[in-house]
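What follows is a set of notes on a single structure, which appears directly below.
Below, chains carry the letters A, B, ... as their sequence lines are ordered, and counting in each starts from 1.
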Amino acid sequence: MGRQHVEQIAKQLEVLYPGDAKTLCALHFETPFQLLVATVLSAQTTDAAVNAATHVLFARYPTPQELAIADIANVAEIVYSTGFYRTKANRIVELAGQIVDRYQGEVPEQLEELTTLPGVGRKTANVVRSVCFGLPGLPVDTHVARLSNRLGLSSSQNAEVIEQELCGLLPESRWGSFSLQLILHGRRICRARTPSCFRCELAPSCDSAPASVR
DNA sequence: ATCCCGAGGG
DNA sequence: CCCTCTGGAT
């Protein structure tokens, strides 16, 4: 691996998917609270499904104050198509309540505070930090984990270990955008089952690409 | 390790 | 028809 290996990859990703974390984020939102909710809903579903649900959800419950007192069954109906709908409906209503009660309606910025909220794990907390607040945070989801392994940036299967290793390889200013760039590349080219190495721009610097395309 | 859970892609 | 999707809590 080494520094040069990462820099080569990071540089190519910047060309392929230009922009900062906020620009690259595919989730629709107006406020930090809305991004937090959208990210909780994004578990095991597509961003398109989340955006369709939040379009309706935020029209009816735009603020934590309003979502906190929402009818759970109605919320479940709205988020139904994102999957895990009972769990998600309960989580986001409870989440809204805690934001109101514990944080005066304002989403906290510290990772340790964010991860105490229901439905908010390390990945979600880092999304909010990097996309919304412009703070250092490198979300590791299934795409980031898979591409990090394939590219030879980490050999760990543990998301938190991968996060630490990637953070050590990149400047803080690139943490958020790098994560989103890996996600976009994972969706377009480096898919889980059928990676298109033959048309991958990163193949020359990828440990896992077949020799024929490097 | 298992559960939550629908929808679209390959 | 199987797999995967911007996971988190128990």
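- Contact annotation: the side chain of A:Y17 never approaches that of A:L180 to less than 4.5 Å [non-hydrogen atoms, C-beta and beyond].
- B:dC5 atom C1' lies 8 Å from atom OH of A:Y80, rounded to whole Å.
- Nucleic acid contact for A:A159: none, since no nucleic acid atom lies under 4.0 Å from a heavy atom of the residue.
- Taking only side-chain atoms of A:Y85, from C-beta outward, the nucleotide of B:dC5, C:dT6, B:dA7 with the closest atom is B:dC5.
- Between A:P118 and A:S42, it is A:S42 whose nearest contact on DNA chain C lies nearer the 5' terminus.
- Heavy atoms from other residues, nucleotides or ligands lying under 6.0 Å from CD of A:E106 number 12 at most.
- Rounded to whole Å, atom C1' of C:dT6 lies 14 Å from atom CD of A:E163.
- Side-chain nitrogen and oxygen atoms of A:R86 include at least one within less than 4.0 Å of the OP1 or OP2 phosphate oxygen of B:dC5.
- Judged by closest nucleotide on DNA chain B, A:K88 is the one of A:R191 and A:K88 placed further toward the 5' end.
- Distances were taken from every side-chain heavy atom of A:H143 (C-beta onward) to each of B:dG6, C:dG7, C:dT6; the shortest belongs to C:dT6.
- Contact check, A:T87 against B:dC5: a side-chain N or O comes under 4.0 Å of OP1 or OP2.
- If you measure from atom NZ of A:K123 to atom C1' of C:dA9, you get 16 Å, rounded to the nearest angstrom.
- If you take CG of A:L41 and P of B:dC5, they are 13 Å apart, rounded to a whole angstrom.
- For A:T124, whose side chain is taken as the heavy atoms from C-beta onward, the closest listed nucleotide among B:dC4, C:dG8, C:dT6 is C:dG8.
- Considering only side-chain atoms of A:T142, the nucleotide from C:dC5, B:dA7, B:dC5 that sits closest is C:dC5.
- Between A:I92 and A:Y61, every side-chain heavy-atom pair lies at or beyond the 4.5 Å cut-off.
- Counting only heavy atoms from C-beta on, A:R91 has its side chain closest to C:dG8 among C:dG8, B:dC5, B:dG10.
- Counting non-hydrogen atoms under 4.0 angstrom, A:S81 reaches the backbone sugars and phosphates but no base.
- When distances are taken from the side chain of A:T46 to each of B:dC5, C:dC5, B:dG10, the shortest belongs to C:dC5.
- Nucleotides B:dA7 and C:dG8 are separated by 22 Å at their P atoms, to the nearest Å.
- Relative orientation of the A:Y85 and A:Y80 rings is tilted, given thresholds of 30° and 60° on the angle between their planes.
- Residue contacts for A:A192: at a heavy-atom cut-off of 4.0 Å it reaches the sugar-phosphate backbone alone, with no base atom in range.
- No side-chain donor from either of A:R122 and A:T115 sits under 3.5 Å from a side-chain acceptor of the other.
- Two residues, A:L117 and A:L27, neighbour DNA chain C, and the one matched to the more 5' nucleotide by heavy-atom proximity is A:L27.
- Between B:dC4 and C:dT6, the distance separating the two P atoms is 22 Å to the nearest Å.
- The pair A:E201-A:R188 counts as a salt bridge, with a side-chain nitrogen and a carboxylate oxygen less than 4.0 angstrom apart.
- Inspection of the A:S156 and A:E165 side chains reveals no N or O donor paired with an N or O acceptor under 3.5 Å.
- Distance A:L138 CG to C:dT6 P: 17 Å, rounded to the nearest Å.
- No engagement by A:V50 is indicated, since no non-hydrogen atom pair under 4.0 Å with the nucleic acid exists.
- Per the stacking criterion (ring centres < 5.5 Å, plane angle < 30°), A:F84 stacks onto the base of C:dG7.
- Atom CD of A:E160 and atom C1' of C:dA9 are 16 Å apart (whole Å).
- Taking atom CZ of residue A:R188 and atom P of nucleotide B:dG10, one finds them 14 Å apart after rounding to whole Å.
- The phosphate of C:dT4 has OP1 or OP2 within less than 4.0 Å of a side-chain N or O from A:R193.
- Nucleic acid contact class of A:L35 (heavy atoms, under 4.0 Å, all strands): none.
- Computed from coordinates, the A:R187 CZ to C:dC5 C1' distance equals 9 Å when rounded to whole Å.
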